[in-house]
2 protein chains.
Amino acid sequence: MTSTLEDHHPAARLRAVMESAATDDGTLPPLDGELLRAMALPDDLPETLGIAEVAELTGITAHTLRYYERIGLVTVDRDAAGRRAYDRAALGRVMFVTWLRLSGMPIASVGRYVELALEGPHTSDRRLAMLLEHREAVVAHLRELQTALAVVDYKITTYGGSCAG
Amino acid sequence: MTSTLEDHHPAARLRAVMESAATDDGTLPPLDGELLRAMALPDDLPETLGIAEVAELTGITAHTLRYYERIGLVTVDRDAAGRRAYDRAALGRVMFVTWLRLSGMPIASVGRYVELALEGPHTSDRRLAMLLEHREAVVAHLRELQTALAVVDYKITTYGGSCAG
DNA sequence: GGGTGGCTTCGAGTGCGCTCGAAGTCCTAG
DNA sequence: CTAGGACTTCGAGCGCACTCGAAGCCACCC
């Protein structure tokens with residue numbers, strides 16, 4: 001199964017989105033609606049994708065995709081031959097899970113979130129609460145990272161000074 | 001050894017610095033010279049600190065501080081009774097190591113950096129190179145986190161919409 | 001029909017970064 | 001003098017998130 005995907009679609013969409021946010025210096029561009037639109041999947045995807053294609057599209061290894069399914073983070077149908085066939089919904093869930101993971105949410109929490117989602121729409125306020133709480137954690141982590149970056153930058157600019165570190 | 005530190009010095013300086021950068025909404029304040037000055041140690045520290053005081057000051061557990069010493073990330077003198085006595089230099093190194101760790105540098109890399117520092121001033125360009133390279137990694141991570149935050153925010157604002165995740 | 005390559009399942013292994021517990025030492029307070 | 005508590009060393013254990021390998025199935029190509 002060589003990648004017809006590669007011909008018709010930008011590969012590794014998630015990574016592409018991240019790179020699209022890149023600037024040369026250390027400054028961080030604002031993230032706006034444009035970026036979010038860029039994250040949408042192309043319309044002309046095949047009905048279902050094999051695991052290798054999903055791996056390429058998301059940057060997650062096939063091994064890890066199987067692992068995610070095993071522990072219940074995603075549910076994936078099989079084709080006649082017993083192979084995983086990711087439809088758009090499954091792909092969307094994989095990508096969302098991936099973003100949650102990239103944002104630092106522990107696997108156990110992602111699992112609880114998915115569990116709630118599977119229970120039905122009546123859990124939506126609990127899920128929303130989880131996301132809001134998680135958002136705070138992400139913001140805190142961002143702040144921490146920015147501060148640490150400032151310290152590293154300070155060290156870089158004062159290099160040649162003290163050898164304290 | 002109850003904390004005389006607590007009376008005379010702001011506790012958990014590292015955490016205090018991070019909290020000083022906090023804002024109520026999700027926006028991130030600029031990190032400027034003011035913040036960097038705030039990170040400096042107070043002048044009226046005792047000559048040496050015990051491990052519990054360093055733990056309180058840095059937010060690193062005593063267990064972890066011992067572990068860091070074991071694996072060579074810091075070197076600490078002993079007092080007459082064989083206890084760790086952190087002088088200003090040692091404390092500075094602990095804090096710098098902590099910032100490197102918080103910025104996501106793996107322990108092995110911190111170890112290599114410290115090794116180079118111990119070799120002498122002639123390794124300063126290699127250390128600078130390490131810091132510059134690490135800086136790129138931190139910036140990349142920041143971008144990734146910001147993008148993931150945008151996705152989470154998107155999900156939050158569109159809640160009640162699709163149940164794709 | 002035989003080989004190649006990608007998929008399947010399952011369970012076990014890996015790497016990182018702590019984290020803990022046991023057993024002993026030393027100082028201080030009562 | 002004795003009890004308590006904070007410290008010491010050492011080695012082992014843990015939690016997380018993968019990551020890998022073995023053994024087998026299935027489709028396609030020569």
Side-chain angles (χ1 to χ4, degrees), chain A residues 1-6 46 48-86 90 94 97-114 137 141 144 148, chain B residues 1-6 46 48-86 90 94 97-114 137 141 144 148:
Chain A
M1 195 175 276
T2 58
S3 174
T4 59
L5 212 59
E6 201 162 8
T48 66
L49 298 176
I51 195 170
E53 291 158 323
V54 174
E56 192 194 1
L57 206 55
T58 59
I60 305 294
T61 70
H63 270 306
T64 303
L65 285 171
R66 288 188 206 103
Y67 166 69
Y68 281 177
E69 186 182 353
R70 256 203 316 235
I71 64 175
L73 298 196
V74 286
T75 320
V76 186
D77 291 339
R78 301 300 137 110
D79 66 11
R83 298 185 182 178
R84 285 168 181 81
Y86 291 80
V94 167
V97 164
T98 301
W99 283 117
L100 287 182
R101 292 288 307 119
L102 284 175
S103 70
M105 183 181 281
I107 280 195
S109 304
V110 178
R112 289 207 326 106
Y113 182 94
V114 168
H141 189 193
E144 189 176 280
Chain B
M1 192 175 279
T2 56
S3 175
T4 59
L5 210 60
E6 200 161 8
T48 66
L49 299 175
I51 194 169
E53 290 157 323
V54 174
E56 192 194 0
L57 205 55
T58 59
I60 305 293
T61 70
H63 271 305
T64 302
L65 285 171
R66 289 188 205 102
Y67 166 69
Y68 282 177
E69 187 183 353
R70 257 204 313 237
I71 63 175
L73 298 197
V74 285
T75 320
V76 186
D77 291 339
R78 300 301 135 110
D79 67 11
R83 297 186 182 176
R84 286 169 181 81
Y86 291 79
V94 168
V97 164
T98 301
W99 283 117
L100 287 182
R101 292 287 305 120
L102 284 176
S103 71
M105 183 181 281
I107 281 195
S109 303
V110 178
R112 290 207 323 107
Y113 183 93
V114 168
H141 189 193
E144 188 176 281

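Values below: all heavy atoms of this structure, side chains included; hydrogens, waters and symmetry mates excluded. Each chain gets a letter, A, B and so on, in the order the sequences are listed, and its residues count up from 1. This structure is a prediction, so every number in the text was calculated from the model and none was measured.
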J.: Within the modelled atom types, does a donor on one side and an acceptor on the other bring the side chain of B:Arg70 and the base of C:dT19 under 3.5 Å apart?
T.: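 A donor-acceptor contact between them is present.
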J.: Do side-chain atoms of B:Glu69 reach the backbone of B:Arg66 as a donor and acceptor pair under 3.5 angstrom?
T.: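 Such a contact is absent between B:Glu69 side chain and B:Arg66 backbone.
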J.: Which heavy atom in A:Ala62 sits nearest to a heavy atom in A:Ala55, and how many Å separate them?
T.: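 Scanning both residues, the minimum pair turns out to be N-CB, 4.0 Å.
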J.: Between C:dC7, D:dT19, C:dT19, which nucleotide gets closest to the side-chain atoms of A:Ile51?
T.: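 Closest nucleotide to the A:Ile51 side chain: C:dC7.
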J.: Once you round it to whole Å, what is the distance between P of C:dT25 and CZ of B:Arg84?
T.: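 Going from B:Arg84 (CZ) to C:dT25 (P), I get 17 Å.
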J.: Verify, without hydrogens or angle tests, whether A:Thr64 (side chain) and A:Ile60 (backbone) share a donor-acceptor contact under 3.5 angstrom.
T.: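 No: the side chain of A:Thr64 does not pair with the backbone of A:Ile60.
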J.: For DNA chain D, whose closest nucleotide is more 5', that of A:Ala80 or that of A:His63?
T.: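 Here A:His63 is the residue nearer the 5' end.
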J.: Test your reading of the model: is there a side-chain donor-acceptor pair from A:Thr98 to the backbone of A:Val94, 3.5 Å cut-off?
T.: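 Side chain of A:Thr98 to backbone of A:Val94: a pair is present.
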J.: Find out whether B:Trp99 and B:Met105 are in side-chain contact, i.e. whether some heavy atom of one side chain is under 4.5 Å from a heavy atom of the other.
T.: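 Not in contact.
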J.: Among C:dC26, C:dC18, C:dT9, which nucleotide sits nearest the side chain of B:Ala81?
T.: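 Nearest listed nucleotide: C:dC26.
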J.: If you check every side-chain atom of A:Tyr67, which of C:dT9, C:dT19, D:dT19 has the closest atom?
T.: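 Among C:dT9, C:dT19, D:dT19, the one nearest the side chain of A:Tyr67 is D:dT19.
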J.: Consider the side chain of A:Ala52, meaning its heavy atoms from C-beta on, and name the nucleotide among D:dT9, C:dC7, D:dC18 that approaches it most closely.
T.: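 Within the option list, the nearest is C:dC7.
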J.: Out of D:dC18, D:dG5, D:dG21, which has the shortest distance to the side chain of B:Arg83?
T.: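 For B:Arg83, the side-chain atoms sit closest to D:dG5.
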J.: Base, sugar-phosphate alone, or nothing: which one does B:Arg101 contact when heavy atoms must sit under 4.0 Å apart?
T.: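 Sugar-phosphate, backbone atoms only, no base.
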J.: Rounded to the Å, how far apart are B:Leu100 CG and C:dG17 P?
T.: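 Checked: the CG to P distance equals 13 Å.
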J.: Could you tell me whether the phosphate oxygens of C:dG17, OP1 or OP2, come under 4.0 Å of any side-chain nitrogen or oxygen in B:Tyr68?
T.: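 Negative; the distance criterion is not met.
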J.: In whole angstrom, give the distance that lies between atom CG of B:Asp79 and atom P of D:dT8.
T.: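 It works out to 8 Å between those atoms.
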J.: Between A:Glu69 and B:Pro106, name the one whose nearest nucleotide on DNA chain C is closer to the 5' end.
T.: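 It is A:Glu69, whose closest nucleotide lies nearer the 5' terminus.
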J.: Hey, does B:Arg78 reach any base, or is it just sugar-phosphate, or nothing, if we go heavy atoms under 4.0 Å?
T.: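 Counting heavy atoms under 4.0 Å across all strands, the contact made by B:Arg78 is with sugar-phosphate only.
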